[in-house]
Amino acid sequence: MYNKPMNTLLLHIKGSRMYNFTLFRPHLYIYNDRVVYKKRHILTHDEFSIHYQQISQANYINFIYLFAHIEIVTTGQRFIKIHWVPKKQAKMAKKIIDEKIHQAHKTDYRTPEEGGMDQGYVKDFEMSLKRLKELLSIGKITKKEFDKKRKQLLKKHY
């Protein structure tokens, strides 16, 4: 019998029911390999999971004295917003998600001759270039910065 490794729940955050003006507040479950978003409505239920490789950035928005907002931008069409989260939990969630994104997007820049894997080497280059394009498209870097980083990637890989 095949035993799947257990997913570890690192953090569970939820928005304030009172300030969100809803009976069903959004929930964000942060696991070691993915993020799961759940939001109930009166007749429906939204639930989807996103692996860290599909997350381009996580934003922490400091709101009022006790609360903050968390926004997660994905490479797909999903944009997750959790409003009115206690600040301490929001900061912790941002930190965990940033670390997991970094681990998921970490690349091995060694060439195949230096002991890097041949297929992984090409994949790492493509992932790095894709990440730069995402940052350019959402306005986090300028076209000039994009071109500079792209040239650096080309130098490292070719």
Side-chain angles (χ1 to χ4, degrees), residues 1-64 66-110 116-141 146 149-150 153 157:
M1 181 178 198
Y2 177 71
N3 291 330
K4 279 178 38 175
M6 295 289 292
N7 293 321
T8 307
L9 178 64
L10 303 174
L11 186 65
H12 171 216
I13 62 172
K14 50 194 166 215
S16 168
R17 187 175 285 138
M18 183 175 78
Y19 289 117
N20 277 311
F21 301 109
T22 181
L23 291 173
F24 311 111
R25 56 189 167 182
H27 293 259
L28 188 68
Y29 297 89
I30 302 172
Y31 290 94
N32 60 336
D33 64 338
R34 70 188 188 286
V35 172
V36 176
Y37 173 80
K38 293 183 181 182
K39 173 74 169 104
R40 253 186 88 194
H41 303 283
I42 292 175
L43 299 175
T44 61
H45 181 83
D46 294 337
E47 180 177 340
F48 52 88
S49 66
I50 301 168
H51 292 275
Y52 291 108
Q53 290 177 337
Q54 298 171 333
I55 297 175
S56 48
Q57 73 179 26
N59 299 320
Y60 167 84
I61 300 161
N62 195 9
F63 199 59
I64 60 173
L66 296 174
F67 295 100
H69 301 321
I70 294 284
E71 294 178 349
I72 299 175
V73 181
T74 67
T75 56
Q77 296 179 353
R78 298 283 186 193
F79 187 77
I80 300 171
K81 293 181 184 179
I82 308 277
H83 296 288
W84 303 101
V85 177
K87 274 188 183 181
K88 187 175 181 180
Q89 286 184 350
K91 284 181 183 179
M92 194 180 313
K94 165 84 167 123
K95 184 178 179 183
I96 292 170
I97 292 171
D98 282 345
E99 288 174 5
K100 292 295 184 179
I101 290 171
H102 177 71
Q103 289 174 2
H105 291 234
K106 192 183 337 182
T107 56
D108 182 9
Y109 290 109
R110 295 178 295 163
M117 298 182 78
D118 193 20
Q119 294 172 347
Y121 178 72
V122 173
K123 185 179 177 186
D124 289 343
F125 172 72
E126 291 173 351
M127 292 297 289
S128 299
L129 191 58
K130 184 179 177 181
R131 176 79 172 129
L132 281 174
K133 286 180 182 178
E134 290 170 4
L135 290 172
L136 177 66
S137 69
I138 61 174
K140 290 294 181 183
I141 61 173
F146 170 80
K149 293 287 185 184
R150 186 175 57 83
L153 278 175
H157 288 277

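The residues of the chain are indexed from 1 along the displayed sequence. Since the structure is predicted, the reported quantities are computational estimates derived from the model, not experimental observations.
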Worksheet, complete the sentence: Interatomic distance, CD@Gln53 vs CD1@Ile101, rounded to 0.5 Å, equals 11.5 Å

Worksheet item: To the nearest 0.5 Å, what is the distance between CD (Glu47) and NZ (Lys38)?
Response: 4.0 Å

Worksheet item: How would you list, by chain and number, every residue that makes a salt bridge (Lys or Arg N to Asp or Glu O under 4.0 Å) with Asp46, sequence neighbours excluded?
Response: none

Fill in: Those residues that, when tested against Ala68, pass side chain to side chain contact (heavy atoms under 4.5 Å, CB included) (two or more places apart)
Tyr60, Lys87, Ala90

Response to the item:
Sorted by chain and number, sequence neighbours left out, side-chain hydrogen bond (donor to acceptor under 3.5 Å, both in side chains) with Asn59 holds for Gln57

Worksheet item: When rounded to the nearest 0.5 angstrom, what distance separates OG in Ser16 from CD1 in Ile82?
Response: 12.5 Å

Worksheet item: Looking only at heavy atoms, what is the nearest atom pair of Leu132 and Arg150, with distance?
Response: CD1-N, 4.0 Å

Worksheet item: Residues two or more places apart in sequence or in another chain: which of them pass side-chain hydrogen bond (donor to acceptor under 3.5 Å, both in side chains) with Glu134?
Response: none

Worksheet entry | Partners passing salt bridge (Lys or Arg N to Asp or Glu O under 4.0 Å) against Lys94 (at least two apart in sequence or in another chain) | Asp98

Discussion item. To the closest 0.5 Å, what do you measure between NZ (Lys130) and OG (Ser56)?
Written reply: 10.0 Å

Worksheet, complete the sentence: On a heavy-atom basis, the closest approach of Tyr31 and Tyr52 is O-OH, 2.7 Å

Discussion item. Students often mix this up, so state it plainly: with edges at 30° and 60°, are the rings of Tyr19 and Trp84 parallel, tilted or perpendicular?
Written reply: parallel

Discussion item. Can you tell me how far apart NZ (Lys95) and CD1 (Ile97) are? Round to the nearest 0.5 Å.
Written reply: 13.5 Å

Response to the item:
Contacts of Tyr29 meeting ring-ring contact (aromatic ring centres under 6.0 Å, His included) (sequence neighbours excluded), chain-then-number -> His12

Fill in: Side chain proximity check, Leu9 to Ile30, heavy atoms < 4.5 angstrom
no

Item to complete: Decide yes or no for Val35 and Ile72: does some side-chain heavy atom of the first lie under 4.5 Å from some side-chain heavy atom of the second?
Response: yes

Response to the item:
Hits for ring-ring contact (aromatic ring centres under 6.0 Å, His included) against Tyr37, two or more places apart or cross-chain, chain-then-number order -> Phe48

Worksheet item: With Ile13, which residues qualify under side chain to side chain contact (heavy atoms under 4.5 Å, CB included), at least two apart?
Response: Leu11, Leu28, Ile70, Val85, Gln89, Ala93

Item to complete: Measure the spacing between CD1 of Ile80 and CD of Glu71 and express it to the nearest 0.5 Å.
Response: 11.0 Å

Item to complete: Find out whether Phe24 and Lys39 are in side-chain contact, i.e. whether some heavy atom of one side chain is under 4.5 Å from a heavy atom of the other.
Response: yes

Worksheet, complete the sentence: With sequence neighbours left out, the residues meeting side-chain hydrogen bond (donor to acceptor under 3.5 Å, both in side chains) with Lys140 are none

Fill in: Residues which pass side chain to side chain contact (heavy atoms under 4.5 Å, CB included) with Gln103, listed by chain and number, not counting sequence neighbours
Lys100

Worksheet item: Are any side-chain N or O atoms of Thr74 and backbone N or O atoms of Ile55, one a donor and one an acceptor, separated by less than 3.5 Å?
Response: no

Worksheet item: Can you name the residues that form a side chain to side chain contact (heavy atoms under 4.5 Å, CB included) with Arg25, not counting sequence neighbours?
Response: Lys14, Arg17, His27

Worksheet item: Passes side-chain contact (heavy atoms from CB on, under 4.5 Å), Arg131 versus His105? Steps please.
Response: CA-CA 8 Å; Arg131 176 79 172 129; His105 291 234; 3.5 Å; yes

